[in-house]
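Structure first, commentary second.
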Amino acid sequence: MPNSYYPLTNEGRALWWENIQSPDAQAVLLALGLSAPVRAAIQADAAVAIYIYRTAPQAYESYATSMNGWGHVYLDSADGMPTPAVPALPVMPAPPTPVSGGIEVRRAAWVQTVKNASGYDPLVQGATLRTEMTGDSFNRETYQAVISGATSASSATVTVKFRKASGHIDSMAFQGRKAGGGAWVELGRFMATPASLHLTLATPGQPEEWEIRGHAYIKDTPVGVPSQAVSVLVRG
């Protein structure tokens, strides 16, 4: 059972703040007596928190994935192939209106104010605001990663989806190997789903059958056990 209502992962926190932005949550804050300026400040904090916890990191990860693919193409293409173009730097998503520092300090303060309100019921308002421990079944020791939808639409590249366990997981690290066994090779760790994996084929231009598996991460720590392996025919 978690020891706090507040998630440990970046994605979990982004989801928590998204919930605070919802009409239902805002209605509860109004009913519990939070003034319009306070609710507006919470909304502004939520927008920045989501940008920091999810939007900006995913944009950087997307570029890192593109650079990783460029490197593999450059290194593993047939002798004499033209030099691949370096991926252009991404246009970063526009940040929300800035707020002062201390978003998490303010969160702790207004959550305590909410919990002290006379009309606050942990099973009703607490559930809507997600300000109570959930007691959900996620277990970081036994959780098995879940991946699906592995496809290969371009040469030596596999796209695969993965689950984030309702925000408990930050990222997924992937491994692959040619069908039939052999050593697993590292294919990178990804925050955003679907992940784009770049493989080294034995013979460029020839399709190969591969197995792919994933391992869930919270921050920089692997949790649980790897997913079941999925098979995919990788384009040559």
Side-chain angles (χ1 to χ4, degrees), residues 1-64 89-140 143 162-172 190-194 216-221 223:
M1 178 179 291
N3 58 13
S4 171
Y5 66 88
Y6 199 51
L8 296 175
T9 68
N10 286 350
E11 177 61 18
R13 291 181 177 186
L15 289 169
W16 189 91
W17 283 104
E18 279 185 343
N19 177 70
I20 289 299
Q21 290 181 315
S22 71
D24 287 346
Q26 289 297 304
V28 169
L29 295 178
L30 171 61
L32 292 176
L34 273 65
S35 67
V38 170
R39 299 196 309 276
I42 291 171
Q43 287 277 38
D45 281 354
V48 174
I50 293 166
Y51 185 86
I52 293 172
Y53 282 127
R54 178 199 289 149
T55 309
Q58 285 189 356
Y60 278 112
E61 184 192 71
S62 177
Y63 182 67
L89 285 169
V91 177
M92 287 296 294
T97 302
V99 298
S100 63
I103 290 174
E104 298 296 10
V105 173
R106 292 194 292 273
R107 169 190 55 78
W110 66 255
V111 166
Q112 193 57 55
T113 297
V114 163
K115 289 187 173 186
N116 291 339
S118 60
Y120 180 81
D121 184 333
L123 298 179
V124 181
Q125 288 83 359
T128 300
L129 297 174
R130 299 181 187 174
T131 50
E132 298 294 331
M133 291 187 292
T134 62
D136 59 33
S137 59
F138 181 80
N139 186 319
R140 62 187 296 152
Y143 176 76
F162 61 93
R163 295 183 183 176
K164 284 196 168 182
S166 299
H168 288 290
I169 292 166
D170 275 327
S171 59
M172 187 75 67
F190 299 81
M191 293 173 60
T193 183
Y217 271 67
I218 296 177
K219 297 184 178 179
D220 291 323
T221 303
V223 296

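Only a predicted model underlies this, so the values are computations on that prediction, with no experimental measurement involved. Numbering of residues begins at 1 and proceeds along the displayed sequence.
Between I20 atom CD1 and Q26 atom CD the span is 7.5 Å, to the nearest 0.5 Å. Note that the CD1 atom of I42 and the CD1 atom of I103 stand 12.0 Å from one another [nearest 0.5 Å]. To the nearest 0.5 Å, atoms CZ (R163) and OH (Y143) are separated by 7.5 Å.
When the side-chain contact (heavy atoms from CB on, under 4.5 Å) test is applied to E104, the partners found at least two apart in sequence or on another chain are Y6, R13, W17, Y53, R107. Residues meeting the side-chain contact (heavy atoms from CB on, under 4.5 Å) test with A108, sequence neighbours left out: none. Partners of A47 under the side-chain contact (heavy atoms from CB on, under 4.5 Å) rule, at least two apart in sequence or in another chain, are Q21, P96. For S22, the side-chain contact (heavy atoms from CB on, under 4.5 Å) criterion is met by N19, D24, A25, not counting sequence neighbours. With sequence neighbours left out, the side chain to side chain donor-acceptor pair (under 3.5 Å) criterion links Y120 to T131, E132.
Of all the heavy atoms in F162 and K164, the pair that sits closest is CE1-CE, 3.9 Å. For the residue pair P7 and G12, the shortest heavy atom distance occurs at CG-O, 3.3 Å. Across all non-hydrogen atoms, the minimal contact from A117 to L32 is CB-O, 3.9 Å. The two residues G167 and L15 make their nearest non-hydrogen contact at CA-CD1, 3.7 Å. In plain terms, the two heavy atoms of T9 and D170 that are nearest each other are CB-OD1, 3.0 Å.
L129 is not listed as a side-chain neighbour of Y5, based on a closest heavy-atom distance of 4.5 Å or more. With a 4.5 Å cut-off on side-chain heavy atoms, M172 and T193 do not count as touching. A 4.5 Å side-chain heavy-atom check between S171 and F190 finds every atom pair outside the cut-off.
Applying the 6.0 Å contact sphere to CG of D220 captures no more than 12 heavy atoms from other residues, nucleotides or ligands.
Pairs passing the salt bridge (Lys or Arg N to Asp or Glu O under 4.0 Å) check and including a residue from residues 36-57, sequence neighbours excluded, read E11-R54, E18-R54, D45-R106.
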Next on the checklist: For a side chain to side chain contact (heavy atoms under 4.5 Å, CB included) check, start with the C-alpha distance between L8 and R140, then their side-chain angles and the critical distance, and finish with the verdict.
Outcome noted: CA-CA 11 Å; L8 296 175; R140 62 187 296 152; 4.1 Å; yes
